[in-house]
Amino acid sequence: MSKDGNIPQSELVYLPPPTSAELYREEGLKEKLLRKTKENPFVPIGVLVTAGALGFGLKEMKAGRSRNSQKLMRLRIFGQGFTVVALLAGVMYGTTGKQK
């Protein structure tokens with residue numbers, strides 16, 4: 001940079017315009033799932049706990065074991081709550097934590 005704050009012509013470099021593939025590439029379902037999981041890994045954990053507890057709870061209910069079924073339904077509610085808290089925490093981190 002020169003004394004007057006301008007960049008000399010010799011330091012400027014020509015960059016070709018980007019191709020359309022460089023500007024926009026549609027993300028597939030697998031890539032999006034992996035990206036979102038890396039951004040907030042607790043949401044998939046909460047979803048798996050919720051789904052697992054629901055499945056086993058329904059199986060226990062069908063077998064007539066109501067005590068175990070009730071415990072698993074309570075675990076399902078816990079999993080749902082955990083997932084909601086993880087979503088909210090991820091949104092808050094995304095809006096405040098990444099600012100530079």
Side-chain angles (χ1 to χ4, degrees):
M1 204 177 275
S2 64
K3 293 179 184 179
D4 60 357
N6 293 328
I7 299 173
Q9 187 73 20
S10 61
E11 290 184 23
L12 296 177
V13 178
Y14 172 76
L15 295 175
T19 63
S20 62
E22 292 173 0
L23 290 176
Y24 177 76
R25 185 182 70 83
E26 190 166 334
E27 189 175 42
L29 183 64
K30 186 176 179 181
E31 289 105 0
K32 185 174 184 178
L33 182 67
L34 289 173
R35 180 178 55 83
K36 295 276 187 181
T37 301
K38 287 178 185 176
E39 288 175 6
N40 194 351
F42 296 112
V43 172
I45 292 169
V47 169
L48 290 174
V49 168
T50 302
L54 177 62
F56 287 122
L58 291 174
K59 182 180 171 187
E60 292 292 307
M61 189 182 298
K62 187 175 180 181
R65 295 187 282 265
S66 63
R67 177 175 229 114
N68 287 343
S69 175
Q70 285 296 316
K71 288 181 181 179
L72 286 164
M73 289 301 126
R74 289 182 188 134
L75 178 64
R76 176 186 61 87
I77 297 297
F78 171 77
Q80 285 176 318
F82 180 82
T83 304
V84 169
V85 169
L87 279 168
L88 292 174
V91 167
M92 287 183 65
Y93 176 75
T95 58
T96 61
K98 291 184 179 181
Q99 294 177 356
K100 291 183 180 180

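Here, residue 1 is the first one in the sequence, and each next residue gets the next number.
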- Item | Sequence-distant partners of Arg67, salt bridge (Lys or Arg N to Asp or Glu O under 4.0 Å), two or more places apart | none
- Which heavy atom of Pro41 sits nearest a heavy atom of Pro44, and at what distance? O-CD, 3.3 Å
- Message: My understanding is that a hydrophobic cluster links ILVMFWY residues whose side chain heavy atoms are under 4.5 Å apart, including indirect links. Using that, what else belongs to the cluster containing Leu34?
- Response: none
- Query: Considering residues at least two apart in sequence or located in another chain, which fulfil the side-chain contact (heavy atoms from CB on, under 4.5 Å) criterion with Phe78?
  - Reply: Leu75
- Query: Roughly how far, to the nearest 0.5 Å, is the CD1 atom of Ile45 from the CZ atom of Phe82?
  - Reply: 6.0 Å
Please set out all donor-acceptor pairs under 3.5 angstrom arising from side-chain atoms of residues 51-63, sequence neighbours excluded.
from: Glu60; atom 1: OE1; to: Arg65; atom 2: NE; distance (Å): 2.8
from: Glu60; atom 1: OE1; to: Asn68; atom 2: ND2; distance (Å): 3.3
from: Glu60; atom 1: OE2; to: Arg65; atom 2: NH2; distance (Å): 3.3

- Query: When clusters are formed from ILVMFWY side-chain contacts under 4.5 Å, directly or step by step, what else is grouped with Leu87?
  - Reply: Val43, Val47
- Message: Taking side-chain contact (heavy atoms from CB on, under 4.5 Å) as the definition, give me every residue that meets it alongside Glu26, ordered by chain and number, with sequence neighbours left out.
- Response: Tyr24
- Give the other cluster members for Val91, using side-chain heavy-atom distances under 4.5 Å between Ile, Leu, Val, Met, Phe, Trp and Tyr residues; answer none if it is isolated. none
- Tell me, please, which residues at least two apart from Gln80 pass side-chain hydrogen bond (donor to acceptor under 3.5 Å, both in side chains). Arg76
